[in-house]
Amino acid sequence: MKKELAKTYSPKELEDRLYATWVEKGYFTPQVDDGKPAFSIVIPPPNVTGQLHMGHALDETLQDILIRYKRMQGYSTLWLPGTDHAGIATQIKVEERLRVDEGLSRYDLGREKFLERVWGWKDTYESRITSQLKKLGASCDWTRQRFTMDEGCSKAVREVFVNLYDKGLIYRGHRIINWCPHCLTALSDAEVEYKDQPGFFWHIKYPIKGEDGYVEVATTRPETMFGDTAVAVNPDDEAMKHLIGKTLILPVVGREIPVIADDYVEIGFGTGCVKITPAHDPNDFLVGQRHDLEQIKVMNDDATMNAYAGKYNGMDRYACRKALVADLEAEGYLVKVVPHDHNVGVCYRCGTTVEPLTSDQWFVKMKPLAEPAIEAVENGSISFVPERFSKNYFNWMNNILDWCISRQLWWGHRIPAFYCDACGEMTVSKEDITVCPKCGAPVRQDSDVLDTWFSSALWPFSTMGWPENTAELEKYYPTNVLVTGYDIITFWVSRMIFSGLEHVGKKPFSTVFIHGLVRDAQGRKMSKSLGNGIDPLEIIDQYGADALRFALATGISPGNDMRFSDEKIEAARNFNNKIWNAARFVLMNLTVEDATLPDTADLALEDKWLLSKFNTLCKEVTVNLDNYELGVALAKLYDFLWDIFCDWYIEIAKPRLNDKGSKANETCLKVLAYTLSGTLKLLHPFMPFITEEIWQSLPHDGESIMIADYPAYTDALAFAEEEKKMEAVIAAIRAIRVRRNEMNVPPSRRAMLYIVSDADDIFNPSVTAHFEKLAYASGVSYGTAYEASDAVQIVTEKATVYIPLADMIDFEKELARLKNEKTKTEGEITRLEKKLSNEGFVAKAPAAVVEGEKAKLAAYRETLVKINEAIEKIK
RNA sequence: GGAAGCGUAGCUCAGCUGGUCAGAGCGCACGGUUCACAUCCGUGAGGUCAUGGGUUCGAGCCCCCUCGUUUCCACCA
């Protein structure tokens, strides 16, 4: 059982081995009928567009921490993994590859052949992502791995589409949508990003028919002029209302358009007259609907101008803009050009400026779906961590417009609508059909596919077998928590919520745990274009998965961005090494075969102190984890292991460890093994590999740390009294070190220590060894008095320590120092006395706080007595 | 235009429902070849917790103002 550990921790040789064992043993795969309470998470499926980046590593690490924690607590724990087909994004990548490698477009291949290529791509990247997750240590149930376009998910998509259609919540409509001229597809509102760009207002004259005058309009997109079907003014605008009803003549084009009244026009802004282009602007579209205006689409799908643009036909929209403006100027229609910065919508995938245009698309009617989804968060059925992100959610859901779900792509779920050219009937069907149910003629399926988020929205239940009422769905749905970044709340979280409520009748999850972005050391977003991305695999290769996980989880707080830096990963590596060496030390000394705790009666003061500290740690870490304060929990574990366990307990334990074969030796070893083993368990969710490797080397029950019980607080290990006593010892040791440092006494200079104290329950010969080791003593003696006056006096609350270093003492300075301490102590005393004589404080503060202050006062008074004695002594 | 976050030691950040909350890591200074670890040990310097008000017996922690910074949403042509 016991084996030698290498001097430094080298993760490489053990991570893959341990992971394989875990998988083989089936620890990641919960049994539906295990009778345990369920805890489940579905992974936010990474896109099959590429490989995992740091953001994924963070997301996955947080989920694995929660999953491993709950698994150890005895839950039937399912972490369901999978990937997303990522419609546009993946298609773009494959097209790009095709273009670069073979000089072909997707049209050259044709739909069938192209999709074969995409499936090939998907297989490659899906397995790459999967192996990366395994490298990270993610304890996903690989037997339940899913893909958004696999058979089951596709079935769910069909089911949902048809059901929504039957309920009248999906419709096909001719509406204005966001069009990407590069991807050649419609986009939803969420898929448009807005970027500030410098631009211009072109002020243009529109002559009034039958009069000499003209109307001046201002536009940022003059090329849409060909689609103008009216000019609007506000009916309450005194300066403009006289124009209502008149007819204008479009410059260059010569077409006649009316002046209409609509309060959409803001009085006093711009020229007060707005050109209305219903086919190319969302607001104008609405104005057009109100006034029954014609929609004139002036562009082709690739954003070149069409025949409506007259002589500009075939020109790119920007080339046209330039030429048109020049012509307007030449013909005297251009009044002025005013620089104007404005937000331009761009495609979230390719960055091309989006062109709003009218088109036939499929939409989901959102209002009826949004209402229950809003309600679920309002009434606390679903909660965000941190809570403030629910505002984002409400903001989006309360202002939601219908969701454009059709995409003019090939990669995705094909829309299950079938058209019959013979009778004109359209059939929406869960199953593929080839003939029209009405007339029997052949049908053709809609060539569009669904928005990739349409299938992602179903992920929490489509992956569990819905629409069948499977055992998985029964047990693990709703899931407990969804872990994701704040950048995806609108795209995904909101849509899962309304989808779950609508289709399953139950929310998809109870908690949405939001984390921030991983930024580079300078705080910049990691991006391909900046080249500042850090590959998680490289970090794992160099430092190990546990170090990466530690670096990602330490010092973070929910919803806040973090920076990833060399310092952080090095600190993580050092911590790994510290754990490793602490374990190595314990194992080197270990002669006991079990890690059960000895009788309380046999425990030394420091044992009880350590166990009590550990006990508190168990409680706090559990509370922190339950509250999603993972960073805080990890910091506490770090401090406990490094400071309490290593720097204090192990150092104090060394004399007993050298006393081989004794009872004290055995007790100490058991305490060491118990506490180390327990700490490893607490740490396991964060750092699965190193903890497992060490735990296996220690005396242990069970096959694996990952299925061991998570340590819990127990009254049996609460030793408050001993904690206090031990702290007095530590305070004395620290005080001695400080004093020696101040006096520049090198550690090699040993000196006798005379400890004078009334507290013989603390300062007695059983703690001698502690001082010898840690306070550089050549010997320690105890008593109630020390008569000689040749010593440095170190005053603490419970004891005064004398060190006879006569040759190094400047008694003048010594006196000054003691007087200084006296002044400080007196200051504290008066401050506390004041506070305690404040009626408001005593009356209103909690009793515990008041008691605490009283205890502090008493301690200071005790110390003051000792300082006075010390001063007397020097005099 | 609306909303939110951040502004705490030189740097990166923790600080839960107001009462040991003034902290950690790194960096820096001084001292250490103690038989687990120099990827280490000991000690120390550095902050009026952005500014100005307010609430309270008591405020980084609550409220308001201002400044700086980041982000999200909307978008006026």
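By convention in this document, chain letters (A, B, ...) are assigned in the order of the sequence lines, proteins followed by strands, and residues within each chain are numbered from 1.
- Remark: A/K613 pairs with A/E723, A/E727 by the salt bridge (charged side-chain N to carboxylate O under 4.0 Å, His left out) rule, at least two apart or across chains.
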Could you list, one pair per line, each protein nitrogen or oxygen that sits under 3.5 Å from a nitrogen or oxygen of nucleotides 55-57 of chain B, together with the distance?
{"residue": "B/C57", "atom": "OP1", "partner": "A/K844", "partner atom": "NZ", "Å": "2.3"}
{"residue": "B/C57", "atom": "O2'", "partner": "A/N838", "partner atom": "ND2", "Å": "2.9"}

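- If you take CD of A/E567 and P of B/G25, they are 15 Å apart, rounded to a whole angstrom.
- Of the candidate nucleotides B/U43, B/C73, B/A77, B/A77 has the atom nearest to the side chain of A/V274.
- Base orientation of B/G46: syn, since the glycosidic angle falls within 90° of 0.
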How would you summarise protein contacts on nucleotides 30-41 of chain B per nucleotide, using B for base, S for sugar-phosphate only and - for none, with heavy-atom distances below 4.0 Å? -S----BB-BSS

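- Between A/E821 and A/R817, at least one side-chain N (NZ, or NE/NH1/NH2) sits under 4.0 Å from a carboxylate O, which counts as a salt bridge.
- Looking at which nucleotide of RNA chain B each of A/F201 and A/R563 is closest to, the 5′-most match is held by A/R563.
- In terms of polar N and O atoms assigned as donor or acceptor, the side chain of A/N343 comes within less than 3.5 Å of the base of B/C75 in a complementary pairing.
- The separation between A/N392 atom CG and B/C72 atom P is 10 Å, rounded to whole Å.
- The OH atom of A/Y333 sits 14.5 Å away from the CD atom of A/E216 when rounded to the nearest 0.5 Å.
- Atom CD in A/E223 sits roughly 14 Å away from atom P in B/A77 (whole-Å rounding).
- Across B/C49 and B/C61, the matching P atoms stand 9 Å from one another, rounded to whole Å.
- Separating the C1' atom of B/C64 from that of B/C57 is a span of 23 Å, rounded to the nearest Å.
- Residue-level contact check: A/G555 touches the backbone only, with heavy atoms under 4.0 Å from sugar-phosphate atoms and none from bases.
- Rounded to whole Å, the P atom of B/A29 lies 16 Å from the corresponding atom of B/A45.
- Residues meeting the ring pair (Phe, Tyr, Trp, His ring centres under 6.0 Å) test with A/Y776, sequence neighbours left out: none.
- By the neighbour-count criterion of 12 heavy atoms within 6.0 Å, atom CD of A/E839 is sparsely surrounded, having that number or fewer from other residues, nucleotides or ligands.
- In this model, the phosphate group of B/A77 is not approached by any side-chain N or O of A/H203 to a distance below 4.0 Å at OP1 or OP2.
- As judged by a 4.0 angstrom heavy-atom cut-off over every strand, A/Y194 is placed among the base-contacting residues.
- For B/A4, the OP1/OP2 oxygens have no side-chain nitrogen or oxygen of A/R388 closer than 4.0 Å.
- If you measure from atom CG of A/L832 to atom P of B/G19, you get 17 Å, rounded to the nearest angstrom.
- Applying the Watson-Crick and G-U wobble criteria (two distances, each under 3.5 Å), B/A3 pairs with B/U71.
- Taking atom P in both B/U43 and B/G25, the straight-line distance is 12 Å, to the nearest Å.
- Taking atom CZ of residue A/F491 and atom P of nucleotide B/C72, one finds them 11 Å apart after rounding to whole Å.
- Side-chain contact between A/I733 and A/H770: present, with at least one pair of heavy atoms (C-beta onward) separated by less than 4.5 Å.
- Evaluation of the salt bridge (charged side-chain N to carboxylate O under 4.0 Å, His left out) test over residues 555-572 of chain A, restricted to residues two or more places apart or in two chains, returns A/R519-A/D561.
- Regarding contacts with the backbone of B/A77, every side-chain N or O of A/R221 stays at 4.0 angstrom or more from both OP1 and OP2.
- Using a 4.5 Å cut-off on side-chain heavy atoms (C-beta onward), A/L657 and A/F585 make contact.
- Rounded to whole Å, atom C1' of B/U70 lies 15 Å from atom CG of A/D487.
- A salt bridge links A/K856 to A/E853: at least one charged side-chain nitrogen sits closer than 4.0 Å to a carboxylate oxygen.
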Between protein and nucleic acid, restricted to nucleotides 15-18 of chain B and to nitrogen or oxygen atoms under 3.5 Å apart, what atom pairs and distances do you find?
none

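- Taking the ring centroids of A/Y638 and A/F575, they lie under the 6.0 Å cut-off.
- Closest-nucleotide positions on RNA chain B for A/T219 and A/V849 were compared, and the one nearer the 5' end corresponds to A/V849.
- Under the Watson-Crick or G-U wobble criterion, with both distances below 3.5 Å, B/A22 has no partner in any strand shown.
- A side-chain donor-acceptor contact under 3.5 Å links A/N624 and A/K636.
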